[in-house]
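Indexing begins at 1, ligand by ligand and atom by atom, following the structure's order.
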Amino acid sequence: MSTLVIEGSQWGDEGKGKVTDYFAQQADVVVRSQGGNNAGHTITINDEKYALRSIPSGIFNPHTKNILANGMVINPKQLLEELHILESRGIKEYQLFISNRAHIVLPYHELLDEAYEKYKGDAKVGTTKRGIGPCYSDKANRIGIRVGQFIDEEDFKNSIVESLKIKNLELKMLGLEPLDADVIFNEYKEYAKEIKKYVCDTSMLIEKEIEKGSKVLFEGAQGAMLCLDHGTYPYVTSSSPAAAAVPVDCGIAPYYIKDVLGISKAYTTRVGEGPFPTEIDSDIASYIRERGHEYGTVTKRPRRVGWLDAFALNYAKRVSGINYLALMLLDVLTGLDEIKICCGYSLDGKEIDYVPSTIKELNRVKPIYITMPGWKEDISDVKTFGDLPKNAKIYVKKIEELTKTKVVIISVGPNRSQTIELEKIF
Ligand code: IMP
């Protein structure tokens with residue numbers, strides 16, 4: 001059995017797109033199991049940049065099956081735009097499969113996302129405003145519309161009328177204009193016609209592929225610290241990016257998950273609001289932001305920058321079962337005199353061994369740092385671990401020691417070729 005989950009182990013944007021693309025070249029199947037177009041996975045191929053939102057990173061390989069599983073929320077209009085952009089750039093031969101049980105993001109979800117954020121004021125989450133939270137709320141509230149209904153015109157028409165009975169009340173309550181079922185139906189039925197050919201029972205497909213020995217990659221979106229259950233709630237997304245959620249989000253048995261590769265930057269970033277214990281408030285933050293191009297793929301917001309939080313990484317490892325690490329953007333740290341790593345938290349002057357569950361406590365947490373010497377040598381062309389500068393090697397080894405997890409990939413630049421593979425796991 002060859003299955004591997006690629007999981008963000010921080011607050012998202014760790015470079016999962018690059019790692020998935022790296023492995024996707026050998027994968028038979030790439031599956032996106034949760035989230036939607038709130039994700040933005042940047043892939044660089046021959047210096048050409050592609051920003052994927054809902055489509056799995058295996059789309060560039062004609063032999064790879066790309067699956068959007070039941071745990072996803074899919075905006076059909078945006079999905080088709082993404083596909084058309086890829087096609088216009090020459091990516092015409094691909095295999096795409098969409099779960100009939102995934103949920104559809106409709107215009108009222110985006111409007112409600114924006115309105116909730118506005119009324120929350122200072123307490124806003126800082127969402128991507130893609131309607132993700134409202135769509136997952138409808139799913140949990142059993143008033144969502146699934147892909148299977150969406151591609152059946154009669155079913156879609158009835159469902160949209162039923163949903164709008166409630167959603168229009170909600171829109172009016174928030175000071176917004178009610179929406180017309182016919183207008184949405186007439187626009188969206190055309191999208192449904194276009195995506196119909198991709199729709200199937202993806203749970204059966206994934207199981208069949210695993211059983212026949214195919215190499216299956218599960219491409220996580222967001223990161224463990226944005227998990228609805230285990231992240232810094234309420235400053236989280238509305239699904240679970242943890243590898244532990246993959247079986248439910250794909251409709252497969254848990255014993256089919258063999259390995260989990262946690263993706264971590266060599267430092268930490270976060271977009272949106274919420275606690276961030278290792279956030280840097282000196283010029284070093286801008287140094288890292290500029291070198292790492294730390295601006296959101298989806299919203300273009302500047303990302304907040306902090307030191308590597310090995311304490312949070314260990315938490316992510318524990319709650320989701322990470323057994324290998326990929327360390328991304330190591331080259332960005334080149335030039336710093338000293339680099340800090342957070343190896344523990346203290347709360348009100350006392351060291352703690354847990355990640356607090358409330359924002360009130362998380363805001364009072366102080367990181368406990370160790371300081372490592374930096375390096376000045378350019379490492380963007382380094383091909384082996386042995387050729388890294390001594391202090392870069394010491395830094396990587398320290399992370400392995402603190403997390404008790406083997407680093408199997410080191411990334412030293414955005415291109416496929418700028419990847420050091422220390423151990424083959426897939
Ligand atoms: P939502 O997923 O749009 O509801 O946003 C909720 C939180 O998750 C916000 O803080 C977003 O910035 C964050 N978020 C959602 N998707 C991503 C992502 O792909 N990378 C990083 N942060 C994300």
Open item on the list: Does either side chain, that of Glu219 or that of His41, offer a donor lying less than 3.5 Å from an acceptor on the other one?
Closed with: yes
Task: Under 4.0 Å to a heavy atom of Gln222 - the qualifying atoms of ligand 1, by number - done: 15 (C), 16 (N), 17 (C), 18 (C), 19 (O)
TODO: Tell me whether the centres of the aromatic rings in Phe276 and Trp11 are closer together than 6.0 Å.
DONE: yes
Open item on the list: Polar contacts were defined as any N/O atom of the residue lying under 3.5 Å from an N/O atom of the ligand; does this apply to Lys129 and ligand 1?
Closed with: no
TODO: Decide whether the shortest distance between a heavy atom of Ala39 and an atom of ligand 1 is less than 4.0 Å.
DONE: yes
Open item on the list: Test of understanding: given a 4.0 Å heavy-atom threshold, classify the contact between Val236 and ligand 1 as side chain, backbone, both, or neither.
Closed with: backbone
TODO: Scan side-chain atoms only and decide if Thr232 and Arg270 contain a donor-acceptor pair under the 3.5 Å cut-off.
DONE: yes
Task: Val271 neighbourhood, listing ligand 1 atoms whose heavy-atom distance to it stays under 4.0 Å - done: 10 (O), 12 (O), 21 (C), 22 (N)
Task: Test salt bridge (charged side-chain N to carboxylate O under 4.0 Å, His left out) applied to Glu273 and Lys124, Arg304, Arg301, Lys120, the passing residue - done: Lys124
Open item on the list: One residue to check: Thr127. Relative to ligand 1, which of side chain, backbone, both or neither has a non-hydrogen atom less than 4.0 Å away?
Closed with: both
Open item on the list: Under a 3.5 Å distance rule, please check whether Thr202 uses its side chain to pair with a backbone N or O of Leu205 as donor and acceptor.
Closed with: no
Task: 4.0 Å heavy-atom contact, Gly126 with ligand 1 - done: yes
Task: Donor on one side chain, acceptor on other, Gln25 and Asn61, under 3.5 Å - done: no
Task: Donor-acceptor side-chain pairing of Tyr295 and Glu290 below 3.5 angstrom - done: yes
Task: Lys NZ or Arg CZ of Lys397 over Phe385 ring: under 6.0 Å, within 45° - done: yes
Open item on the list: Evaluate Arg301 for polar contact with ligand 1, using N/O atom pairs at a separation under 3.5 Å.
Closed with: yes
Task: Between Asp113 and Thr127: side-chain donor-acceptor atoms closer than 3.5 Å - done: yes
Open item on the list: Students should be able to answer this: which protein heavy-atom is nearest to atom 3 (O) of ligand 1, and at what distance?
Closed with: Thr128 OG1, 2.6 Å
Open item on the list: Taking distance alone, with N or O pairs closer than 3.5 Å, would you say Asp13 contacts ligand 1?
Closed with: yes
Task: Heavy-atom nearest neighbour in the protein, as seen from atom 13 (C) of ligand 1, with distance rounded to 0.1 Å - done: Leu226 CD1, 3.9 Å
Task: Polar atom proximity, Asp113 to ligand 1 (N or O, under 3.5 Å) - done: no
Task: Proximity to ligand 1 by part of Trp11, non-hydrogen separation under 4.0 Å - done: backbone
Open item on the list: Quick test: of every protein heavy atom, which one is nearest to atom 2 (O) of ligand 1, and how far off is it to 0.1 Å?
Closed with: Thr237 OG1, 2.6 Å
